[in-house]
Protein chains: 2
Amino acid sequence: MQYLMIKDAIEEQIESGMLKSGHKLPSERVLAESFSTTRITLREALNHLALSGKVYKEERRGWFVSTDTLSFNPVTDTDFAKVCQKQKWHYAVSSISAQRVLAPKEIAETLQLPPFSYVIMQTKLWTIEGRKAAVQYQYAPEKQFSNIAMIDEDANLTEYLKVHYLCESQKNRVKVEVAPATELESSTLNISSGSMLMSITQTAINNQNISYLLQVLRISHDLVTIEIE
Amino acid sequence: MQYLMIKDAIEEQIESGMLKSGHKLPSERVLAESFSTTRITLREALNHLALSGKVYKEERRGWFVSTDTLSFNPVTDTDFAKVCQKQKWHYAVSSISAQRVLAPKEIAETLQLPPFSYVIMQTKLWTIEGRKAAVQYQYAPEKQFSNIAMIDEDANLTEYLKVHYLCESQKNRVKVEVAPATELESSTLNISSGSMLMSITQTAINNQNISYLLQVLRISHDLVTIEIE
DNA sequence: GAGTGGTCTAGACCACTGT
DNA sequence: CAGTGGTCTAGACCACTCC
């Protein structure tokens, strides 16, 4: 199995520090030639490395060495910005969209909304250490929050609900899965369509035991470790 | 993108019920010919389908349609057998090995053991609905459990500790990640080396706040959904 | 022994990125 | 513009599974 030897060779270059976090690997053609093989075999090796989180790919830009992972506890951490801050990572958030929409089926079910309910939906892009890392979706039922439609695109919804409605989560219901990137996600994150993302869904529940906020973080799997204490 | 069309076509056959859970797909060569393409392109399509958990592959045997997922709460569910029972799945456990070993570095750290500690290590294969589904590793520190070395290969370690040492978990520390299959795992589960597994690590903590059992479940990702309430 | 997936070769053209 | 990855073709041989 040639591709396993190539995988190990590249892996060693990374472990030994020859290739550092964020660095770009040589092009597939160059690598293939230097291992005397074809691009297909080489890509097989890189795909395996990517699965173990050592490297990642940006669409049509090339392969890069992954950074360390962010430790994330979805049961307690509702504010992703704080998670980044705690671990002293450089991050930036930007709004992709903020709209009032008819609740999609899955959202309505999770939040236990009646038919034809509207939700405020915010979509955001998280950039971590200069890399487009995650897309986040947040949904808050309009009914529970009058005047919420006026919320600013760039506001932090979690913070906003806490400040303006004194709504803070007592606990979260959490779901973790791997899933292929959607079209929006792949184009936003510059990754190939259908590539693997870690999907973390949190449903915040208030002290009256009512779900009031649903947020989904879809993040490159090599960037995060899920740890629950 | 031909492979996306092929993916969708196969997906539709599954959704529509033409191909049912557990059924084997036609061979790659047959499928490739019926879509007028090459095996490489066809495999690209199948790999994408596999990522979304719709199909899975067994080494040199072919591609199969996945079953529904098992819902698993790693914070509360320490006995995997009960998880299977609750969802009325047919399952079987068999012992791969049971030995007394010097605690590997990572295990010693997690269980906070001094150097040169021995642990009882059980390795098991879980077969679900006829499919080799998961490999489980369990580690219990020998010091805390005198005479434990006499434990039967086929015993349930969780149950054994509860009955013989009144040791029941108050809470669990949990880690969830995706990881490539090791050699042991791929040969045991009949999957190709390095293919993706969901890895769930649980550290059971007793009422004196001491870690007394570490278990790792490595399961095909299309078989499980992680849900924490 | 026939058929399967596992791996590999040696090319090709395209859309896009970066300069 | 040159170079990159994205996608695809048309084969090949091997080790293994299943009958």
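In this text the structure is predicted, and so the values were computed from the model without any measurement. In what follows, every chain begins at residue 1, and chains take the letters A, B, ... in the order their sequences are listed.
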Integer-rounded Å distance: [N] [atom2] and [X] [atom1]:
| X | N | atom1 | atom2 | value |
| --- | --- | --- | --- | --- |
| Leu4(B) | dG6(D) | CG | P | 13 Å |
| Phe64(A) | dG5(D) | CZ | P | 9 Å |
| Leu31(A) | dG3(D) | CG | C1' | 14 Å |
| Glu28(A) | dC8(C) | CD | P | 16 Å |
| Arg43(B) | dT7(D) | CZ | P | 17 Å |
| Met1(A) | dC16(D) | CE | P | 10 Å |
| Lys57(B) | dC16(D) | NZ | C1' | 14 Å |
| Asn47(B) | dT7(C) | CG | P | 11 Å |

Closest to the 5' end of DNA chain C, once Asn190(A) and Glu59(B) are matched to their nearest nucleotides, is Glu59(B)
Would you kindly compare Ser36(A) and Glu58(B) by the position of their nearest DNA chain C nucleotide and give the one closer to the 5′ end? Glu58(B)
Can you tell me if [X] and [Y] form a side-chain donor-acceptor pair at under 3.5 Å?
| X | Y | answer |
| --- | --- | --- |
| Gln122(B) | Tyr139(B) | no |
| Trp63(B) | Glu28(B) | yes |
| Ser21(B) | Thr67(B) | no |

Return the nearest nucleotide to the side chain of [X]; candidates are [options].
| X | options | result |
| --- | --- | --- |
| Arg61(A) | dG18(C), dG5(D), dG5(C) | dG18(C) |
| Glu44(B) | dC8(C), dG5(D), dT7(D) | dT7(D) |
| Arg39(B) | dT17(C), dG5(C), dG6(D) | dG5(C) |
| Ser192(A) | dG6(D), dC8(C), dG6(C) | dG6(D) |
| Ile40(A) | dG6(D), dT9(C), dG6(C) | dT9(C) |

Under 4.0 Å between a side-chain N or O of [X] and OP1 or OP2 of [N]?
| X | N | result |
| --- | --- | --- |
| Lys24(A) | dT4(D) | no |
| Tyr3(A) | dT7(C) | yes |
| Thr41(A) | dT7(C) | no |
| Gln2(A) | dG6(C) | no |

Sequence neighbours excluded and cut-off under 3.5 Å, please list the side-chain donor-acceptor pairs for residues 178-187 of chain B, or say none.
| unit_1 | atom_1 | unit_2 | atom_2 | d |
| --- | --- | --- | --- | --- |
| Thr182(B) | OG1 | Glu185(B) | N | 3.2 |
| Thr182(B) | OG1 | Glu185(B) | OE1 | 3.2 |
| Glu185(B) | OE1 | Thr182(B) | N | 2.8 |
| Glu185(B) | OE1 | Arg218(B) | NH1 | 3.2 |
| Glu185(B) | OE2 | Tyr137(B) | OH | 2.7 |
| Glu185(B) | OE2 | Arg218(B) | NE | 3.4 |
| Ser186(B) | OG | Thr182(B) | O | 2.7 |
| Ser186(B) | OG | Glu183(B) | O | 3.2 |
| Ser187(B) | OG | Glu183(B) | O | 3.1 |
| Ser187(B) | OG | Leu184(B) | O | 3.2 |

For Phe72(A), the ring pair (Phe, Tyr, Trp, His ring centres under 6.0 Å) test, sequence neighbours excluded, returns Phe80(A)
Using a 4.0 Å heavy-atom cut-off, does Thr38(B) contact any base of the nucleic acid, only the sugar-phosphate backbone, or nothing at all? base
For Arg60(A), answer base if it contacts any base atom (sugar-phosphate contacts may also be present), sugar-phosphate if it contacts only those atoms, and nothing otherwise; contact means non-hydrogen atoms under 4.0 Å. base
Exactly one candidate in Asp68(A), Thr69(A), Asn73(A) meets side-chain hydrogen bond (donor to acceptor under 3.5 Å, both in side chains) with Thr225(A); the answer is Thr69(A)
